[in-house]
Amino acid sequence: MLSLSLSLSLSLSLSHTHTHTHTHTLSLSLTLSLSVLSFYCHSFSPPLPSLLSLSLSLSLSLSRIISVFSGEEYYCGGKPADIVFILDASASIWGPDFRKQTKFVEDVISMFQISPQMTQVGIATYSSDVALEFPLGKFKNKDSLVSAIRNIVHMPGYATNTALGIEYMRYQMFTPEQGARDDVVRVGIVMTDGKSTSILRTLYEANRARRIAHINLFAIGIGDGVNKRELRGIAGNRNYAFTVDNYSALDSMKELLAIETCKATDPPTRKTTTRKNLLNFFFF
């Protein structure tokens with residue numbers, strides 16, 4: 001009796017730390033005796049179709065796994081999503097750092113499948129006011145979307161009105177008129193390098209965005225001028241709040257953000273908005 005032993009081991013580990021800098025490690029180990037399988041497969045006359053099929057299937061699977069976790073693509077399991085970025089454009093950010101911010105957005109969206117049926121992306125910038133760069137669904141493929149991101153111009157303002165940016169996202173961007181879809185996950189990513197003009201109003205608007213519009217909010221703070229409690233209050237979930245030391249460090253967390261974004265598969269649970277809830281967001 002012929003005994004064929006096929007050993008397949010797959011280990012995937014993901015680790016991250018929520019400190020000033022985030023580290024992430026994707027370790028993939030795959031051991032597969034394809035040569036042995038091929039030998040036994042062709043030892044029979046005619047070759048065994050089932051082994052041929054298994055050999056090809058495992059080879060293709062290995063190729064796909066390596067492609068996904070090398071950062072080339074991250075499809076969220078084929079689930080569509082509407083993602084809106086709210087970018088800080090205040091005067092505290094100088095030109096090269098603003099460009100690093102948009103480059104980070106470009107790198108993150110490169111991991112998603114951009115199309116009207118899958119992931120749509122919209123972007124607005126905020127400072128003392130809000131500027132719509134482009135709405136959800138305007139760009140139907142990744143190339144045109146990346147080109148639009150590279151063409152965003154930094155128009156600095158004198159304040160950091162994060163509350164207005166979040167309110168604009170809820171009222172103006174996650175609407176059918178602006179391309180938002182009713183039956184997909186909604187994700188809002190707020191980036192800032194400092195404290196907002198009004199922390200309580202920011203937390204109020206973030207709470208409404210999560211509970212009324214069912215937007216999964218992520219908050220990214222850059223530099224030592226951010227308020228970590230405010231970031232956690234915006235996100236409403238410690239796992240959705242991130243900080244990095246500077247704009248150059250954003251690159252270290254792009255895969256982590258993409259993975260956490262993909263976990264946001266369900267809308268937030270409806271809860272009653274109260275003043276006590278808002279204060280808890282700030283003081284926990």
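- In this structure, the side chains of Ile234 and Glu205 stay at 4.5 Å or more apart for every pair of heavy atoms.
- Taking a cutoff of 4.0 Å between a charged side-chain nitrogen and a carboxylate oxygen, Glu167 and Arg201 qualify as a salt bridge.
- With sequence neighbours excluded, the residues that form a side-chain contact (heavy atoms from CB on, under 4.5 Å) with Arg150 are Glu106, Val146.
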### Ser90 and Ser127: CA distance, side-chain angles, deciding distance, side chain to side chain donor-acceptor pair (under 3.5 Å) verdict
CA-CA 5 Å; Ser90 56; Ser127 53; over 6 Å; no
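- Looking at residues two or more places apart in sequence or on another chain, you find a side-chain contact (heavy atoms from CB on, under 4.5 Å) between Ser147 and Asn151.
- In this structure, the salt bridge (charged side-chain N to carboxylate O under 4.0 Å, His left out) partners of Lys103, at least two apart in sequence or on a different chain, are Asp107.
- By the ring-ring contact (aromatic ring centres under 6.0 Å, His included) test, Phe134 pairs with Phe139, sequence neighbours left out.
- Applying the ring-ring contact (aromatic ring centres under 6.0 Å, His included) definition to pairs two or more places apart or across chains, none involves residues 163-193.
- Taking the side chain as every heavy atom from C-beta outward, Leu203 and Asn207 never approach each other to under 4.5 Å.
- Scanning both residues, Ala206 and Gly233, for their nearest heavy atoms gives CB-O, 4.3 Å.
- Scanning for ring-ring contact (aromatic ring centres under 6.0 Å, His included) contacts around Tyr247 gives an empty result, with sequence neighbours left out.
- Val105 meets the side-chain contact (heavy atoms from CB on, under 4.5 Å) test with Phe85, Leu87, Ile109, Ile123, Ile149, Met191; sequence neighbours excluded.
- Among residues two or more places apart in sequence or in another chain, the side-chain hydrogen bond (donor to acceptor under 3.5 Å, both in side chains) test is passed with Ser248 by Lys100.
- The side-chain heavy atoms of Ile215 and Arg210, taken from C-beta on, include no pair separated by under 4.5 Å.
- Within the model, atoms CD1 of Ile114 and CZ of Phe112 stand 8.0 Å from one another, a figure rounded to the nearest 0.5 Å.
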### Message
What verdict does the side chain to side chain contact (heavy atoms under 4.5 Å, CB included) test give for Leu257 and Phe104, after you've listed the backbone C-alpha separation in whole Å, the side-chain angles of each residue and the deciding distance to 0.1 Å?
### Response
CA-CA 11 Å; Leu257 178 64; Phe104 170 74; 3.6 Å; yes
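- Remark: Glu133 engages no residue in a salt bridge (charged side-chain N to carboxylate O under 4.0 Å, His left out) (not counting sequence neighbours).
- The CG atom of Asp88 sits 9.5 Å away from atom OG1 of Thr125, with the distance rounded to the nearest 0.5 Å.
- Between the side chain of Lys140 and the backbone N or O of Gln120 there is no donor-acceptor pair closer than 3.5 Å.
- Taking each heavy atom of Ala209 and Leu217 in turn, the nearest pair found is CB-CD1, 4.1 Å.
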### Message
Pair Thr119, Ile83 - check side chain to side chain contact (heavy atoms under 4.5 Å, CB included), show working.
### Response
CA-CA 7 Å; Thr119 301; Ile83 303 177; 3.8 Å; yes
Would you be so kind as to tabulate the donor-acceptor pairs closer than 3.5 Å made by side chains of residues 176-189, with sequence neighbours excluded?
unit_1, atom_1, unit_2, atom_2, d
Arg181, NE, Asp82, OD1, 3.0
Arg181, NH1, Pro116, O, 2.9
Arg181, NH1, Met118, O, 3.2
Arg181, NH2, Ala81, O, 3.0
Arg181, NH2, Asp82, OD1, 2.7
Arg181, NH2, Met118, O, 2.8
Arg186, NH1, Ala213, O, 3.1

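- Legend: residues meeting ring-ring contact (aromatic ring centres under 6.0 Å, His included) with Tyr126, ordered by chain and number and at least two apart, are absent.
- Inter-residue side-chain proximity for Gln172 and Leu132 is flagged as unmet; no heavy-atom pair is nearer than 4.5 Å.
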Would you tabulate the side-chain donor-acceptor contacts of residues 154-166 under 3.5 Å, counting partners in other chains and residues two or more places apart, or write 'none'?
unit_1, atom_1, unit_2, atom_2, d
His154, NE2, Ala89, O, 3.2
Asn161, OD1, Leu164, N, 3.1

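- At least one side-chain heavy atom of Ser196 sits under 4.5 Å from a side-chain heavy atom of Glu230.
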